[in-house]
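In each ligand, atom 1 is the first atom listed, and ligand 1 is the first ligand listed. Residues take their numbers from the sequence shown, with the count starting at 1.
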Amino acid sequence: MRLSKMYLRTLREVPSEAEIPSHILLLRAGMIRKLVSGVYGFMPLGYRSLRKIEQIVREEMDKKGAQEILMSAIQPAELWEESGRWAAFGPEMFRLKDRNERQFCLGPTHEEIFTDIVRSEISSYRQLPLNLYQIQTKYRDEKRPRFGLMRSREFIMKDSYSFDRDWEGLDKSYDDMYDAYTKIFTRCGLTFRAVEADTGAMGGSNSHEFCALSEVGESEIAYCEACQMAATIERAPCVDEKAPQEAELPLEEVMTPGTKSIAEVVDFLKIPVTKTIKALLFQVYNQDYKYVAAFVRGDRELNMTKLINILKIAEHEIEFADEEQMHKETGCVGGFTGPIGLHDCKIVVDTELVEAKNLCAGACKADHHLINVNYGRDYKGDIVTDLKLLKEGEPCPVCGAPVKITRGIEVGQVFKLGTKYSEAMNAYYKDENMKDHIMVMGCYGVGVSRTLAAIVEQHHDENGIIWPMPVAPYHVVVTIVNTNNEEQISLAEELYQELQRAGVEVLLDDRKERPGVKFKDADLLGIPVRITVGKQATDRIVEWKLRECSDSVNMNATEALEKTVVLVNQKK
Ligand code: ATP
Ligand code: MG
């Protein structure tokens with residue numbers, strides 16, 4: 001492709017909402033363009049890289065025997081009602097009605113659709129196992145679309161669904177997908193970790209997230225260098241700190257004026273923070289109870305995912321309570337709430353509080369706290385569970401060594417769904433004896449457009465993108481320094497033709513621009529190899545440079561050609 005003819009507009013400035021390198025660079029390099037918040041289009045170079053990622057995904061899926069189909073983005077509400085997710089999905093779902101008032105959504109995911117097609121067309125064990133996938137546009141009305149392709153409202157996902165006879169079959173399908181994902185993200189040039197993950201809105205028993213390591217990632221990962229433990233912190237269990245052995249002292253109410261925060265109480269009563277109980281108050285929706293009070297030790301942070309999971313509710317069905325309103329109905333008192341004296345409210349207590357003796361908690365009375373509060377004697381939880389958020393340096397839940405925490409971008413996730421959807425939607429098959437059995441399912445997603453952003457996040461410098469060869473929009477850029485010089489033009493043209501003949505994807509920068517502009521653009525676009533044809537064209541000498549290295553070397557044009565072809569074939 002000749003850059004003089006190419007639809008490409010690079011930018012010097014980008015809107016201030018672009019905060020992270022991938023968002024800034026993809027906009028600056030003219031690879032993506034924003035339509036509205038969270039909705040982006042792909043320009044020629046961006047679309048080429050995107051298609052390369054898709055192709056890598058396709059090849060690795062096909063190698064595992066998965067078969068590609070394409071389902072519609074528009075989905076009828078009835079299928080979602082069957083699975084129970086029409087209500088459960090909440091405001092993230094884009095919903096619409098047709099002219100006859102029939103309800104639809106723009107698919108945020110496709111479990112229902114794939115289960116529906118398979119239940120109506122698969123009847124025998126002979127047709128199983130089956131793994132179907134698609135690369136398709138998904139819609140989620142994200143609360144906070146941001147970071148460009150990273151969290152958008154319209155995005156491209158590869159989603160696949162496996163159907164097996166039994167759980168052993170699912171284990172094999174899951175392992176296959178885990179292996180395919182490892183190969184996909186390796187080929188994309190990503191440094192990543194597969195970590196145990198929460199199953200969230202998908203349901204099911206078992207899950208791994210594939211996280212590209214990055215400071216800007218929204219997934220927090222806990223891992224242990226001593227053993228192989230790696231999990232999202234949402235999922236990671238916490239070890240209770242062993243409480244000192246003490247006799248239970250009599251419960252006592254004390255005046256603690258104005259001490260609304262844990263820090264203030266600790267300071268006022270001169271007690272260690274580990275001797276306090278922290279209350280977190282929530283209102284919930286669509287349940288037969290309205291309020292939840294969660295209690296953790298004063299120095300701990302509540303893990304919302306653990307709370308949501310134990311309550312078996314969706315993320316959008318819970319929010320911080322309006323304390324004044326909640327006071328009227330439950331007796332809580334903002335800043336002075338403890339487990340004693342609360343009513344009409346579900347009480348969820350962290351396991352660590354059970355053994356700990358003589359703690360301090362709010363008295364459910366303004367400016368008062370209770371001391372020597374003991375679990376069992378003074379209060380009980382409706383639920384007792386691990387509610388804690390794991391922090392750096394705390395003991396690993398598997399081996400006890402101090403854990404590390406790092407951040408990652410979730411580029412893929414695999415789930416063992418089990419029979420959640422097949423049961424709800426009656427997906428059965430007949431065995432050898434014509435006996436009916438439920439299908440056992442898995443689902444597997446790759447964020448294709450997010451992967452594009454994650455690659456840029458890991459592969460860039462201050463001058464622009466540095467594409468790994470397999471996903472580079474073009475492999476090589478041949479830059480003509482002076483487009484008025486016949487010798488330079490003719491040597492560059494020769495290289496351009498020869499490289500293409502050898503199967504290399506080449507950009508020819510034949511624009512009538514200053515060389516500085518061309519070099520800047522080449523760096524910004526991140527094409528892996530640059531061959532510069534300048535003054536020494538008379539002697540057939542060119543400058544050969546890798547985008548990832550700062551040095552360049554002069555060499556004979558034929559040598560440059562050969563070197564490039566070898567390198568591209570090796571790395572693409
Ligand atoms: P997140 O926790 O980031 O919201 P998710 O767990 O809801 O993602 P999945 O349902 O597992 O996402 O979807 C499969 C993949 O699709 C994710 O691993 C991610 O790479 C990608 N993805 C999900 N939401 C978005 C989004 N809003 N924009 C871009 N990619 C997304
Ligand atoms: Mg996910």
Check: Are Asp198 and Thr305 close enough, and set up right, to give a side chain to side chain donor-acceptor pair (under 3.5 Å), and what steps lead you there?
Finding: CA-CA 8 Å; Asp198 185 60; Thr305 306; 5.3 Å; no
Quick one: does [X] get a heavy atom under 4.0 Å from ligand 1?
{"X": "Ser449", "answer": "no"}
{"X": "Met150", "answer": "yes"}
{"X": "Thr109", "answer": "no"}

With a cut-off of 4.0 Å, which atoms of ligand 1 are near a heavy atom of [X]?
{"X": "Glu142", "value": "24 (N), 26 (C), 27 (N)"}
{"X": "Arg450", "value": "3 (O), 19 (C), 20 (O), 22 (N), 23 (C), 24 (N), 25 (C), 26 (C), 29 (C), 30 (N), 31 (C)"}
{"X": "Leu149", "value": "29 (C)"}
{"X": "Gln413", "value": "6 (O), 11 (O), 18 (O)"}
{"X": "Met157", "value": "13 (O), 14 (C), 16 (O)"}

Next item on the list: Going by the side chain to side chain contact (heavy atoms under 4.5 Å, CB included) test, name the single residue among Arg146, Met150, Glu215 that passes it with Ile20.
Entry: Met150
Next item on the list: Please say whether Phe155 places an N or O atom under 3.5 Å from an N or O atom belonging to ligand 1.
Entry: no
Note to self: Less than 3.5 Å apart, any donor N or O on the side chain of Tyr125 or His437 sitting next to an acceptor on the other?
What the structure shows: no
Margin query: Once you measure the plane-to-plane angle for Phe210 and Phe192, does it fall in the parallel (<30°), tilted (30-60°) or perpendicular (>60°) bin?
Written below: tilted
Item checked: the Mg ion (ligand 2): protein N, O or S atoms that are less than 2.8 Å away, sorted by chain -> Glu410 OE2, Gln413 OE1
Whether [X] side chain and [Y] backbone form a donor-acceptor pair below 3.5 Å:
{"X": "Lys158", "Y": "Tyr444", "answer": "yes"}
{"X": "Arg151", "Y": "Lys143", "answer": "no"}
{"X": "Arg193", "Y": "Leu213", "answer": "no"}

Note to self: For Phe282 together with Phe320, are the ring centres under 6.0 Å from each other?
What the structure shows: yes
Next item on the list: Can you tell me which residue pairs pass the ring-ring contact (aromatic ring centres under 6.0 Å, His included) test with a partner in residues 31-59, sequence neighbours excluded?
Entry: His23-Tyr40
Check: Would you say Leu452 and Ile156 make side-chain contact, with heavy atoms under 4.5 Å?
Finding: no
Check: Of the listed options (Glu92, Arg140, Arg153), which comes nearest to atom 5 (P) of ligand 1 when hydrogens are ignored and any heavy atom counts?
Finding: Arg140
Item checked: Passing candidate, ring-ring contact (aromatic ring centres under 6.0 Å, His included) with Trp80, options Trp86, Phe89, Phe104 -> Phe89
